[in-house]
Novice: 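Once you've had a glance at the structure underneath, I'll fire off some questions.
Convention: sequence-line order gives letters A, B, ...; per-chain numbering from 1. All values reported here derive from a predicted model rather than from experimental measurement.
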Amino acid sequence: MTPTRAPELRLRNLMTEPAEKAEKSRYKDTVLLPRTDFPMKAGLQQREPELQKHWATTGLYERIRAARQGAKPWVLHDGPPYANGDAHTGTGMNKTLKDMVVKFRTMQGFDSPYVPGWDCHGLPIEHNVLKDLGGKKPDAMTSVKLREMCLDYANGYVDKQRAQFKTLGVLGRWEQPYLTTSPVYEANVLRVFSDLFARGFITRAKRPVHWSWAAQSALAEAELEYEDRTDPSVYVRFPVSSCGKDCKFREHVEELENAGDIWDTLALLIWTTTPWTLPANVAVAASQEAEYVLVSYQRATGDKREHMVLAGALLKTVSDKAKLRDVKVLKTFAGIDLKGVGYNHPFLDAACPVVFAEYVTLSDGTGLVHTAPGHGKEDFETGKREKLPVVCPIDEAGKFFTGERLRKELQLAPTFEDSRGWLAMLQGQNVLKANPLIVEKLRAEGWLLHDEAVFHSYPHCWRTHQPVIFRVTEQWFVNVDHVDADKTFNPEGKTLRKRLLDEIARTQWFPAWGEKRISAMIENRPDWCISRQRFWGIPIPAFADAQSGDLCVDASSLAHVVKLVEQHGSNVWYDDANWPVEKLLPDEARPKQFRGRKLVKMNDIFDVWFESGASHRSVMLADAELADKFPANMYLEGDDQHRGWFQVSLILSVATQGKSPFKQCLTSAFVVDEKGEKGSKSKGNIWAIDKGCADLGADLIRYYFASVNTSEPIPVTYTLIQAAGEGYRKLRNTFRALVGNLFDFDPAKDAVPYDKLLPLDRWALSQARHAIQAMTAGFDRYEFHTAMRALGEFANVTLSAQYVDVCKDRLYCEAADSPTRRSAQTAYWFIAEAMTRLLAPVLVHSVEDMWRHVPHLAGAPDSPHLAQWPDAVVQCKVDATLDAKYRLLFRIKGESDRVLDRLRKEKVLGKGYDGAVSLATDAALAKDLAQLGSPESLTTELCEVLNVSAVALKLDTNAAQLEGFEPAADVKGLWLRVVTSAETACARCYRRTGDVGSISQHASLCKRCAAVVGDRA
RNA sequence: GCGCCGGUAGCUCAGCUGGUUAGAGCACACGCCUGAUAAGCGUGAGGUCGGCGGUUCGAGUCCGCCCCGGCGCACCA
């Protein structure tokens, strides 16, 4: 149906006549237009440093602390960033998230101190210091000197990063942070070790560990990174040399007619991707159940016939790869039949056995596993069970030993002669360089059946990015399956692993899947190798008898060294001149059997993860401000810390305190660039956070971090952050619109009591309450982006598009002191105030300016950071009836807007006040409307909500038949007709109310405006 | 290989325990206002809700399989 319009109602000329202009300017000054100094443009780059300076000089952090003295504690314990390099986007985001949590909890009334810390020991720092010294510690340089240089280096970066974090507006105890290099910190790390030792968790043992030959140190699981690389994949024949008497396999062969020929050319076929481990081979492992075959074949070239054994399931793959010809399966048998088979090491002339192992699979290789207990964890286990020798001919630099040492480490028979030149070739070779040499020599000697390249992921050292190797060395371990006998800690006699899992289940994980992840890691993790062979760290305070080599460490020796370290720092261990062993551990502190003996210090230091994992002890339990607040409420780090700091902290705390050091654990994903690639300095796709703050503004960066889902990879680029500026500016401008109307509002004098407020204003407060609830719920779950979305929608839709737009007439045109204007101002005031508080954890700088532009009651704090979270304010309540009412009224506005827009495009009218709207409803809608108010009050309210000059309501009519009405698109039972008003516009309020000129003193004004203006113009 | 999380408008994402025509912001188009003005308001266009199959009166939502992306674990010899 096309609505008809009376042509005579078309507006003649939308241009303002000169006479009208004059009238408007006459009354202009009587209109109460918004007024505020709160700038539209934030000028963050300039403003933020000023505010930070102000905070520092007025001691804002200390004032917050004082204000919360005695309140219920809520502690976020800081995970220490590494004191090396710039604080970049990732660390900046981490600190920002922490700051938001702390500020939120503080505003909720908790005592929430924030003590930042730094991880200052460790290889990367030592590495960088050594780099400046030419890559190696000069022989003339003492360890103490080197460690001093490392300390200076670390402290330099602590200062640098501290300054960088401050530019983000992060508040905390910056001037007394915790440093892992402080003597107190170090001593408490040693106390954790002492406790573990006393409780029986510590073992020193020879075991295979991940070894970085590039860093020349053992590595923990968390220090491995899997990277892709290409390695040789070789199939090697190990010649069968002997068979025990009752060996089934012997019988199988003997049954064949040409058994003699077979024995002569028979080999076990093994596969490996690490040829450099072949010299350490001591056995071949087979599966008892799997099916194996004895095959006869010819190689791709040459017509010699050979025989070999391998798993039947892998025969085809292998023969295809090696292009074997005329392959014949002579026998099929179970793996167990290989029991008793022996072979000769192909180049070291040693007799080796076939053994069995569970882990032998048929997914790759040959089903016969090359076993080198010196170079593999499972191999080591097998070796232990089968009493195989542990051969490890590789030194700490990843090179084969040389000369006699090599013979010794290979455990060669004294009669072995290197006639084929294997030892000569291997000695001194780096393992990676040895690979091709070994392959070529195997080929030359005929042992190599096939070789190819394999592209696979392989563990690498996280710092040097060189592939790691397995190497058997003597190390210190924390035994994860140890059962603590102390019934107070462990009443049910569980293993530590089980107790860790129990504590994990008791912890709240955000996001929830973190629990699964860390549980799986704990379930599978090996014992923790805590020793490292470097300089820059805390020494493991153990001694050895100079002669016997016996380990000298007990509770009293530990306690003695701990005390010295606490007084003088861990350098005592390295200061031979001032702290010779006799002084470090005098007789009276020694176990009895070592008194009077010559001792030597052992040279291992702690894994840095052990240090940071001990922070619950060194900080939470040792810092005067925190000691009574253990365990911490929250640890918050990147989700890579499930295998890092969270895990090691949990292990050390559960083992020595009997409980988890945290109640909640929040993780964020990694920062990535626009291509979704992980940020890294080498790629140049991350930037120093203080530069970002200087360029973009800290609040904008914080706003961005608060607006994105941090549980998924977070793209961080200037472009994206600048784009987020839209949202920031929208919040800012909406706030500005609110305070602009409060220039003459003093809450103490002018605030209207809640039940005297107009319904529309109470509705706005009800909506604000919804926003506050959503915001609180979002923050409580640490889903800042859902919180910010709720607030953004409130500001954008409810306030900007609906409420503020509709309130203009009341605020601008009513008398300054009129109850309806004061009613709107009361709501504006409350909402502006609440918005400021809600944004305080995020826009830490901007809210200071916002706070100054909102009128306050006496006694209000001078900073929003000292204020309470607004959910305690009762003035603002949910009113479901009003919610429903205005939902409907604004839907009707939508219908009216649609028609108005059409008329605008037809140039029939311009502003909303040019329009007059008639609404007709069916019986059902009429009934709904009747519940919302009298026809008279609804008419008035709709006029206001629709922003038009007149509304006529025709309730319960046969609307479809009314002339000129069209049906609404979305509101059922509604018809409407919009026309241009024939009335004259009021020169002051622009409305066409039909009563302009009724007061002769103000001929161009409507009655309301004339009354308001009175004698003033 | 196993597991987890995602795949909804050009972009960024909402869509709770399955239920009326799938929403918001940005961008875009077209307008209005010039009394939030380097602002504000309105309207519009734009989606086979990754694909296929199933359960159901009804599926973006539940189930199964598959495809794509991210991550974790294991990748061992």
Novice: When the C1' atoms of B/G47 and B/C57 are considered, how many whole Å apart are they?
Specialist: 26 Å

Novice: So which one's nearest nucleotide on RNA chain B is more toward 5', A/Leu900 or A/Gly365?
Specialist: A/Leu900

Novice: For the pair made of CG in A/Leu738 and P in B/A36, what is the distance, rounded to whole Å?
Specialist: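 The answer, rounded to whole Å, is 13 Å.
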
Novice: Whether the side chain of A/Asp897 and the base of B/G42 hold a donor-acceptor pair under 3.5 Å is what I'd like checked.
Specialist: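 Flag unset: no donor-acceptor pair detected.
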
Novice: Which listed nucleotide (B/A14, B/A36, B/C4) is nearest to the side chain of A/Trp513?
Specialist: B/C4

Novice: Taking only the C1' atom of each, what is the distance from B/G51 to B/G6 in whole angstrom?
Specialist: 16 Å

Novice: Name the nucleic acid region contacted by A/Lys911, choosing base, sugar-phosphate or nothing; use a 4.0 angstrom heavy-atom cut-off, strictly under.
Specialist: sugar-phosphate

Novice: Does the plane of the ring in A/Phe470 sit parallel, tilted or perpendicular to the ring in A/His210? Use 30° and 60° as the thresholds.
Specialist: tilted

Novice: Would you call the rings of A/Trp509 and A/Phe646 parallel, tilted or perpendicular, where under 30° means parallel and over 60° means perpendicular?
Specialist: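 Aromatic pair A/Trp509/A/Phe646 classed perpendicular.
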
Novice: In whole Å, what separates the C1' atom of B/A45 from that of B/A9?
Specialist: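 Rounded to whole Å, the distance is 10 Å.
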
Novice: Taking pairing as Watson-Crick or G-U wobble with both contacts under 3.5 Å, can you name the mate of B/C62, or confirm there isn't one?
Specialist: B/G54

Novice: Drop me the distance from A/Leu731's CG to A/Met835's CE, to the nearest 0.5 angstrom.
Specialist: 5.0 Å

Novice: Quick one: which of B/G35, B/C73, B/C71 gets closest to the side chain of A/Arg517?
Specialist: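 Nucleotide nearest to A/Arg517's side chain: B/C71.
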
Novice: Is there a Watson-Crick or G-U wobble partner for B/U37 with both distances under 3.5 Å, and which nucleotide is it?
Specialist: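 Checking every strand shown, B/U37 finds no partner, since no pair has both distances under 3.5 Å.
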
Novice: Pairing check on B/G3: which nucleotide meets the Watson-Crick or G-U wobble criteria with it, both distances under 3.5 Å?
Specialist: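 Pair assignment: B/G3 / B/C71.
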
Novice: I need the CG-P distance between A/Leu731 and B/G40, as an integer number of Å.
Specialist: 11 Å

Novice: For A/Arg904 and B/C33, is the shortest distance between a side-chain N/O and OP1 or OP2 below 4.0 Å?
Specialist: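 No, A/Arg904 has no side-chain N/O under 4.0 Å of OP1/OP2 on B/C33.
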
Novice: For a quick check of understanding: with a heavy-atom distance under 4.0 Å over all strands, which category does A/Arg988 fall into, base, sugar-phosphate or nothing?
Specialist: base

Novice: How many Å lie between CD on A/Glu726 and P on B/A38, as a whole number?
Specialist: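 Computing the A/Glu726:CD to B/A38:P distance gives 15 Å.
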
Novice: Would you indicate what A/Ala801 reaches in the nucleic acid, counting non-hydrogen atoms under 4.0 angstrom: base, sugar-phosphate, or nothing?
Specialist: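 Here A/Ala801 touches the backbone only, sparing every base.
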
Novice: Which whole-number value in Å describes the distance from A/Asn796 CG to B/A39 C1'?
Specialist: 13 Å

Novice: What's the closest nucleotide to the side chain of A/Asn733 if the choices are B/A39, B/C41, B/G31?
Specialist: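 For A/Asn733, the side-chain atoms sit closest to B/A39.
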
Novice: Which of these nucleotides, B/C30, B/G35, B/C73, is closest to any side-chain atom of A/Lys905?
Specialist: B/C30

Novice: Regarding A/His853 and A/Thr36, do their side chains bring together a donor and an acceptor under 3.5 Å, going by distance alone?
Specialist: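 Their side chains do not contain a donor-acceptor pair, so the 3.5 Å distance test is not met.
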
Novice: With a 3.5 Å limit on both atom pairs, tell me what B/A29 is paired to, counting Watson-Crick and G-U wobble, or say none.
Specialist: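 Per the H-bond distance test, B/U43.
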
Novice: Atom CG of A/Asn741 to atom P of B/A39: distance rounded to whole Å?
Specialist: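 Rounded to whole Å, this separation is 19 Å.
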
Novice: Please give the nucleotide sitting opposite B/C76 as a Watson-Crick or G-U wobble pair, both distances under 3.5 Å, or none.
Specialist: none

Novice: Return yes if a side-chain donor-acceptor contact under 3.5 Å exists between A/Asn709 and A/Glu783, otherwise no.
Specialist: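 Absent: no donor and acceptor within the cut-off.
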
Novice: Between A/Asp970 and A/Glu793, which has a closest nucleotide on RNA chain B that is more 5'?
Specialist: A/Asp970

Novice: Taking atom P in both B/G60 and B/U17, what distance in whole Å separates the two?
Specialist: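 B/G60 and B/U17 have their P atoms separated by 15 Å.
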
Novice: For A/Thr371, answer base if it contacts any base atom (sugar-phosphate contacts may also be present), sugar-phosphate if it contacts only those atoms, and nothing otherwise; contact means non-hydrogen atoms under 4.0 Å.
Specialist: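 The answer is nothing, as A/Thr371 stays clear of every strand by at least 4.0 Å.
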
Novice: Tell me whether the rings of A/Phe745 and A/Trp829 are parallel (<30°), tilted (30 to 60°) or perpendicular (>60°).
Specialist: tilted

Novice: Rounding to an integer number of angstrom, what distance separates B/U21 and B/G35 when you compare their P atoms?
Specialist: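 Straight-line distance between the two P atoms is 44 Å.
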
Novice: Would you say A/Tyr812 places a side-chain N or O within less than 4.0 Å of OP1 or OP2 belonging to B/A36?
Specialist: yes

Novice: With rounding to the closest Å, how many angstrom separate the C1' atoms on B/C26 and B/C33?
Specialist: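 Straight-line distance between the two C1' atoms is 23 Å.
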
Novice: Using a cut-off of strictly less than 4.0 Å, decide whether A/Arg35 has a side-chain nitrogen or oxygen near OP1 or OP2 of B/A36.
Specialist: no

Novice: Assess the side chains of A/Asn281 and A/Tyr343: does a donor N or O sit below 3.5 Å from an acceptor N or O?
Specialist: yes

Novice: Between A/Ser287 and A/Tyr292, do the side chains contain an N or O donor and an N or O acceptor separated by less than 3.5 Å?
Specialist: no

Novice: Taking the side chain of A/His370 as its heavy atoms from C-beta onward, which of B/G42, B/C73, B/A77 lies nearest to it?
Specialist: B/A77

Novice: Go through it in stages, so that I can follow the logic: the residues are A/Tyr990 and A/Tyr913, the test is ring pair (Phe, Tyr, Trp, His ring centres under 6.0 Å), and I'd like the CA-CA distance, side-chain angles, deciding distance and then a yes or no.
Specialist: CA-CA 7 Å; A/Tyr990 302 164; A/Tyr913 284 151; 7.5 Å; no

Novice: State which of B/U43, B/G35, B/G40 makes the closest approach to the side chain of A/Tyr990.
Specialist: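 Within the option list, the nearest is B/G35.
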
Novice: Would you mind telling me which of B/A36, B/G35, B/G70 lies closest to the side-chain atoms of A/Val804?
Specialist: B/A36

Novice: When the distance from CH2 of A/Trp509 to C1' of B/C4 is rounded to whole Å, what number comes out?
Specialist: 16 Å

Novice: Applying a 4.0 Å non-hydrogen cut-off, can you work out what A/Lys377 is touching in the nucleic acid: base, sugar-phosphate, or nothing?
Specialist: nothing

Novice: Separation of A/Glu386 atom CD from B/A77 atom P, in whole Å?
Specialist: 20 Å

Novice: For a quick check of understanding: with a heavy-atom distance under 4.0 Å over all strands, which category does A/Ser800 fall into, base, sugar-phosphate or nothing?
Specialist: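 Base contact - A/Ser800 has a heavy atom under 4.0 Å of at least one base atom.
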
Novice: State whether the distance check finds a donor on one side and an acceptor on the other, under 3.5 Å, for side chain A/Lys516 versus base B/C4.
Specialist: no

Novice: Would you measure the distance from the P atom in B/A22 across to the matching atom in B/C16 and give it in whole Å?
Specialist: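 Between the two P atoms, the distance is 15 Å.
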
Novice: Which nucleotide, in any strand shown, forms a Watson-Crick or G-U wobble pair with B/G23, with both distances under 3.5 Å?
Specialist: B/C13

Novice: Report yes if a side-chain nitrogen or oxygen of A/Lys730 is closer than 4.0 Å to either non-bridging phosphate oxygen (OP1 or OP2) of B/G40; otherwise report no.
Specialist: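 True: A/Lys730 side-chain N/O within range (under 4.0 Å) of B/G40 OP1/OP2.
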
Novice: Which listed nucleotide (B/A36, B/A24, B/U37) is nearest to the side chain of A/Pro34?
Specialist: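 Side chain of A/Pro34 sits closest to B/A36.
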
Novice: How many whole angstroms separate atom OH of A/Tyr913 from atom P of B/C41?
Specialist: 15 Å

Novice: Check the phosphate of B/A36 against A/Lys808, side-chain N and O only, distance under 4.0 Å to OP1 or OP2. Yes or no?
Specialist: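 So the side chain of A/Lys808 is within the cut-off, an N or O lying under 4.0 Å from OP1 or OP2 of B/A36.
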
Novice: Base, sugar-phosphate alone, or nothing: which one does A/Glu378 contact when heavy atoms must sit under 4.0 Å apart?
Specialist: base

Novice: Decide if the gap between the ring center of A/Tyr803 and the ring center of A/Tyr828 is smaller than 6.0 angstrom.
Specialist: yes

Novice: What interatomic distance, in whole Å, is found between C1' of B/G18 and the corresponding atom of B/U34?
Specialist: 49 Å

Novice: Looking only at side-chain atoms of A/Glu712, point me to the closest of B/G35, B/G6, B/A39.
Specialist: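 Out of B/G35, B/G6, B/A39, the nucleotide with an atom closest to A/Glu712's side chain is B/G6.
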
